[in-house]
There are 2 protein chains.
Amino acid sequence: MTQHESDQPTCTMHRALNVVGEKWTFVVLRDVFNGIVRFDDLQEHTGIARPVLAKRLATLVEEGLLEQVPYRVEGQRTRSQYQLTPKGRDLYPVLITLRQWGDRYLSDASTPTKINRHKGCGSPVHAVFQCESGHIIDQMEEIEAMTIVGV
Amino acid sequence: MTQHESDQPTCTMHRALNVVGEKWTFVVLRDVFNGIVRFDDLQEHTGIARPVLAKRLATLVEEGLLEQVPYRVEGQRTRSQYQLTPKGRDLYPVLITLRQWGDRYLSDASTPTKINRHKGCGSPVHAVFQCESGHIIDQMEEIEAMTIVGV
DNA sequence: CGGTATCCTGAAAGATACTG
DNA sequence: CAGTATCTTTCAGGATACCG
């Protein structure tokens, strides 16, 4: 059964992958999160071929994860940069959990470790689950999945 | 600058994507998490072409995220199934955060919402971050990133 | 049931060069 | 600086058929 553009998957995770599941998407987003927001800077830092980067950025703008905004430094000409929208910013947890998994299983002497700290208190953070009753869950065995049909 | 197999990216998130960043990987993992663990079941449920599924599963086994284990129901012949290793299980937070993002931004009337509940208390859970001092962080603005060189 | 073997296609990615 | 235009290549993915 071939997947046509029209029949979207009903699984929202699958849909998410159709938006951000391409090879370079998260690498680009990572850099934007890190403050690299201009085309040439992104190109140089990621090493992606220029046409590919252009297409990826266009997709991210189309999908509403990035916004292209012009800016101007006094006395220089107008330039443009990419900014995260709330929709884009909300992917941060995915990025973090992905990186934490990589840190745990794929790091070696050559990989600089990125630590995320709680501003103010300064302690390293990691992903856990919290239920609405307030319990913290760090064993996924304590979680059960359930499908709600009809939204 | 072309990427050869030998020169891995130093970013662990990027490395993670090289393991699980292919189109169908998370869809397969999702099903395995949901208890669909046999080849034909996976094939039918995902709709992936058989050779592709075979390759994806082989990769996941190679990379140590899945294990192929034989099992036998009394009186029937031996069958085989795929089981998550701890390394594979630890991708759960990535799956959940990805799905939560999809739920928020890509759902519509046709998408069944998957709710994860805390066993016992029954309340829905969502991914948050916790720092080692115990604070719960649900605003990513409260998180700052920092690079530690030299592991 | 759990895959392989074969063959094919298209889309994504890459290299290079050019433009406003 | 921020892209396009062209062209080429690679390969993940798909269709179909077959096998122990």
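Labels below follow one simple rule: chain letters A, B, ... track the order of the sequence lines, proteins then strands, and each chain is numbered from 1. Values in this document were obtained by computation on a predicted structure and should not be read as measured data.
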What closest approach, in Å, do A/Gly88 and A/Leu84 show between heavy atoms, and which atom pair accounts for it?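 In terms of heavy atoms, the two residues are closest at C-CD2, 3.9 Å.
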
Tell me whether [X] contacts the main-chain N or O of [Y] through its side chain, where contact means a donor paired with an acceptor under 3.5 Å.
X	Y	value
A/Lys119	B/Glu141	yes
A/Gln43	A/Ile48	yes
A/Gln100	A/Val125	yes

If I take atom [atom1] in residue [X] and atom [atom2] in nucleotide [N], what distance separates them, rounded to the nearest angstrom?
X	N	atom1	atom2	value
A/Asn18	C/dA12	CG	C1'	15 Å
B/Leu57	C/dT4	CG	P	10 Å
B/Lys55	C/dT6	NZ	P	14 Å
A/Ile36	D/dC1	CD1	C1'	16 Å
B/Phe39	D/dG20	CZ	P	17 Å
A/Ile48	C/dA15	CD1	P	12 Å
A/Leu42	D/dG3	CG	C1'	13 Å
A/Trp24	C/dA12	CH2	C1'	12 Å

Counting distance alone, no hydrogens or angles: does the base of C/dG2 have a donor or acceptor under 3.5 Å from a partner atom on the side chain of B/Arg50?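 Donor-acceptor pair under 3.5 Å: yes.
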
Does a nitrogen or oxygen in the side chain of [X] sit under 4.0 Å from OP1 or OP2 of [N]?
X	N	answer
B/Arg56	D/dG13	yes
B/Gln81	C/dC1	no
A/Tyr82	D/dG3	yes
B/Ser80	C/dG3	yes

Hey, does A/Gln68 reach any base, or is it just sugar-phosphate, or nothing, if we go heavy atoms under 4.0 Å?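 Contact class for A/Gln68: sugar-phosphate only.
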
Touch check for B/Glu22, heavy atoms < 4.0 angstrom, all strands: base, sugar-phosphate only, or nothing?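 Touches sugar-phosphate only.
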
Within 6.0 angstrom of B/Arg104 CZ, more than 12 heavy atoms from elsewhere: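 No - once you tally the heavy atoms of other residues, nucleotides and ligands closer than 6.0 Å, there are 12 at most.
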
Could you work out which one of C/dA13, C/dG2, C/dT4 sits closest to the side chain of B/Arg38?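 Among C/dA13, C/dG2, C/dT4, the one nearest the side chain of B/Arg38 is C/dG2.
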
How do A/Arg79 and A/Pro51 order along DNA chain D: which one's closest nucleotide is nearer the 5' end?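 Whichever sits nearer the 5' end wins; that is A/Arg79.
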
Only distances under 3.5 Å count here; give the side-chain donor-acceptor pairs of residues 33-42 of chain A to other protein atoms, sequence neighbours excluded, each with its distance to 0.1 Å.
from    : atom 1 : to      : atom 2 : distance (Å)
A/Asn34 : ND2    : A/Arg30 : O      : 3.4
A/Arg38 : NE     : A/Tyr71 : OH     : 3.3
A/Arg38 : NH1    : A/Tyr71 : OH     : 2.8
A/Asp40 : OD1    : A/Arg50 : NH2    : 3.1

Rounded to 10 degrees, the angle between the two terminal axes of the helix from C/dC1-D/dG20 to C/dG20-D/dC1, each from five pairs: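 If I round to tens, the end axes sit 60° apart.
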
Using atom types as modelled, flag every donor-acceptor pair under 3.5 Å from a side chain in residues 54-64 of chain A to any protein atom, sequence neighbours excluded.
from    : atom 1 : to      : atom 2 : distance (Å)
A/Arg56 : NH1    : A/Glu22 : OE1    : 2.8
A/Thr59 : OG1    : A/Lys55 : O      : 3.0

